[in-house]
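These notes concern the structure reproduced below.
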Number of protein chains: 2
Amino acid sequence: MKSDDTSVMEMFLGKLERVSDLGEEDRAALLALPYTIRRFGAREDIFSYGEKPAYCCLVLDGWVHRYGIIGDGDRQILLFYIPGDVPDLQHLFLPMLDHTLASITASTLAFIPHRALYGLVERRPRVMAALWRDTLIDTSMYRERVMCLGRRSSIGRTAHFFCEMYLRQELAGLAGDLRCSIPITQGEIADVLGITPVHLNRSLRALRSRQVIDLNGGYLTILDRAALIKTAEFDPTYLHMGADLKSDLISTRKVLVS
Amino acid sequence: MKSDDTSVMEMFLGKLERVSDLGEEDRAALLALPYTIRRFGAREDIFSYGEKPAYCCLVLDGWVHRYGIIGDGDRQILLFYIPGDVPDLQHLFLPMLDHTLASITASTLAFIPHRALYGLVERRPRVMAALWRDTLIDTSMYRERVMCLGRRSSIGRTAHFFCEMYLRQELAGLAGDLRCSIPITQGEIADVLGITPVHLNRSLRALRSRQVIDLNGGYLTILDRAALIKTAEFDPTYLHMGADLKSDLISTRKVLVS
DNA sequence: CGGTCAATTGATCAGTGTCAAGGCAGGTGG
DNA sequence: CCACCTGCCTTGACACTGATCAATTGACCG
């Protein structure tokens, strides 16, 4: 299924332009990128360990995640991706996967051929900078994950996760008013936080009983912004969000970008 | 202190060429990069949280590391860098640091102005690819760190750390014969593994008493390769090392690159 | 020859994992 | 339309890994 509809690529463009400057021609070139749409059910592998994909995928709908397996089958989820993200841009220059990319919920993805992207980054320095930068923000989220797993308690990690997922969705225009979708199971959240589902459940109970959040029916409601941020020791710098951000979660006027 | 000596940049070139193809002109352009040498004592900050450096630094001698601080002052070391590494290439396109880069041991670094690198990546696609790729391998190491902290036991992390540091040094021509330098304290190793120094010490004791490694006077000796790899559940894929690698640690003929 | 910092060890404690059981909700088939 | 099934959530009891506190030893240095 091929399409010339520019609205798909506008999602990508939107994400890039929140943190990078592009010229008119850059925009046009990005909007003209060829792509193919594919749909996935919940929990289906998209690209697996060892593969060398020839496409990058843009998440149009649903949540996607990357995970690795250690030894006897323990899964560690590395990162979740939401609509607007291009989770595998990195494989343009690091072809072989050392982990697996998979859907979490039922998802719709646009696959963009590597060839088209190579042409773009070689001819358009600002597009190169924007894409490179996007892969670096990805890296930055991993670093924060390392901080979480290394130094935050179970409840701190849980709070941090909600801060991150709310803010990322808010930036993408998918959330607001301290309420957002968390369309995954507690087992999956536990797998990204490096704790057991049982223990995550207890952390959730603690946050709920203190009236910090409510998590119900796949939706998160942040009841006490300040308490959540404090519990998470959340510093949004690592998301490199753009200076003009207006957020219901973060009120500081700090310049976050670049 | 400025220099036209090409031997400094050859270190950088060597690292890039182990995993990327470059043409003759690319090589010449890299060797012609301007730089300034600076020396640091042990444990001095190089670029700090919030800074926007105008240089990338190439480690010529000594170990360097990146760390973040959470809330009340808990330090988490994110990654160690060894001679030949360019730890902050990423700040070309993500200028503001969300963590701190610092020396561990006394170190010598070459500072390359961002301006010179921008010119290079815009004009030389293969250099762009090589540098981008280098930042992506950095990312890959963070991913593995997440796996470690999320899923490996204390002793597994310890073994994994030794595998990684030995192999990286071997690749850089700084180690061989299952012996390498580990010029840092147990406290620093503990800080990267997300455990306490006391507990790291016990893990070390376990590895030592099982005759797996010896760590002494700043040197690591791997006594039982197979046991170390097994304890670490070490899979070197994430280092994307290059297919022609010959290692004293890893004997598989697996094609690891790309 | 103290002084300082790192390594080592022991004792105890807290946080998280493991095991097990029950509850709840949504989906399916009779 | 109801009964059952399945997957997820929730809770309790207990075990274990790793943290904390504290003291000792050892190595290097001025």
Side-chain angles (χ1 to χ4, degrees), chain A residues 41-43 63 70-77 104-106 148-162 181-210 213-220 231 233, chain B residues 41-43 63 70-77 104-106 148-162 181-210 213-220 231 233:
Chain A
R43 283 150 267 266
W63 279 30
I70 283 189
D72 52 342
D74 274 356
R75 173 180 72 164
Q76 172 68 41
I77 293 182
I104 279 268
T105 65
C148 263
L149 298 182
R151 288 287 174 249
R152 273 181 255 256
S153 69
S154 151
I155 200 168
R157 294 179 206 185
T158 309
H160 189 277
F161 174 75
F162 290 136
S181 167
I182 302 286
I184 59 180
T185 68
Q186 291 186 13
E188 287 156 347
I189 300 178
D191 265 4
V192 77
L193 299 183
I195 56 182
T196 57
V198 174
H199 200 66
L200 171 70
N201 188 279
R202 295 189 219 280
S203 300
L204 286 176
R205 178 163 39 145
L207 288 173
R208 238 186 310 239
S209 73
R210 294 182 209 162
I213 57 146
D214 182 64
L215 183 65
N216 213 293
Y219 279 85
L220 168 75
T231 311
E233 306 192 272
Chain B
R43 284 150 268 265
W63 279 29
I70 283 191
D72 53 340
D74 273 355
R75 174 180 70 166
Q76 173 68 43
I77 293 181
I104 280 267
T105 64
C148 262
L149 297 182
R151 289 286 174 249
R152 272 181 255 256
S153 70
S154 149
I155 200 169
R157 294 179 205 184
T158 309
H160 189 278
F161 174 75
F162 290 136
S181 168
I182 302 286
I184 58 180
T185 68
Q186 290 186 13
E188 287 156 346
I189 300 176
D191 264 5
V192 76
L193 299 183
I195 57 180
T196 56
V198 174
H199 200 67
L200 172 70
N201 188 280
R202 294 189 220 282
S203 300
L204 286 176
R205 179 163 40 148
L207 288 173
R208 239 187 309 239
S209 73
R210 294 182 211 161
I213 57 146
D214 182 66
L215 182 65
N216 212 291
Y219 278 84
L220 168 75
T231 310
E233 306 192 272

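Throughout, a chain's letter reflects where its sequence line sits, starting with A, and its residues are numbered from 1.
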Round to the nearest Å and state the distance from B:I184 atom CD1 to C:dC5 atom C1'.
16 Å
Return the 5'-most residue of the pair A:G187, A:R151 with respect to DNA chain D, ranking by each residue's nearest nucleotide.
A:G187
Can you find a side chain N or O atom of A:R157 that sits less than 4.0 Å from OP1 or OP2 on C:dG15?
no
In whole angstrom, what separates A:R152's CZ from C:dA14's P?
24 Å
To the nearest 0.5 angstrom, please state how far the NE2 atom of A:H199 sits from the OG1 atom of A:T158.
8.0 Å
Which part of the nucleic acid, if any, lies within reach of A:G194 when heavy atoms closer than 4.0 Å are counted: base, sugar-phosphate only, or nothing?
sugar-phosphate
What does B:S154 touch in the nucleic acid at a heavy-atom separation under 4.0 angstrom: a base, only the sugar-phosphate, or nothing?
sugar-phosphate
Quick one: is B:N201 getting a side-chain N or O under 4.0 Å of the C:dT8 phosphate, OP1 or OP2?
yes
Regarding the side chain of B:R205, the nearest nucleotide among C:dG17, C:dT9, D:dG12 is C:dT9
Send over the distance from B:L204 CG to D:dG18 P, rounded to a whole Å.
13 Å
Rounding to a whole Å, what distance do you find between A:Q186:CD and D:dC9:C1'?
6 Å
Rounded to the nearest 0.5 Å, how far apart are CG of A:N216 and CD1 of A:I182?
12.5 Å
Using atom CD1 of B:I195 as one end and atom P of D:dT20 as the other, report the distance to the nearest whole Å.
12 Å
Please report, rounded to the nearest Å, how far the P atom of C:dT9 is from the CG atom of B:L200.
13 Å
A:T185 has its side chain closest, among D:dC9, C:dT8, D:dG18, to D:dC9
Could you check B:R202 against B:R43 and say which one's nearest nucleotide on DNA chain C is further toward the 5' end?
B:R43
Test side chain to side chain contact (heavy atoms under 4.5 Å, CB included) on B:T231 and B:R152 and set out the steps.
CA-CA 10 Å; B:T231 310; B:R152 272 181 255 256; over 6 Å; no
Locate the shortest heavy-atom distance separating A:R151 from B:D191; write the atom from each residue and the value.
NH2-OD1, 2.8 Å
Supply the atom-to-atom distance A:L204 CG to A:F162 CZ, rounded to the nearest 0.5 angstrom.
5.0 Å
In whole Å, what is the span from the CG atom of B:L193 to the C1' atom of D:dG18?
13 Å
Shortest side-chain distance from B:V198, nucleotide among C:dG10, D:dC9, C:dG17
C:dG10
Between CG of A:D191 and C1' of C:dG17 the distance, given in whole Å, is 14 Å
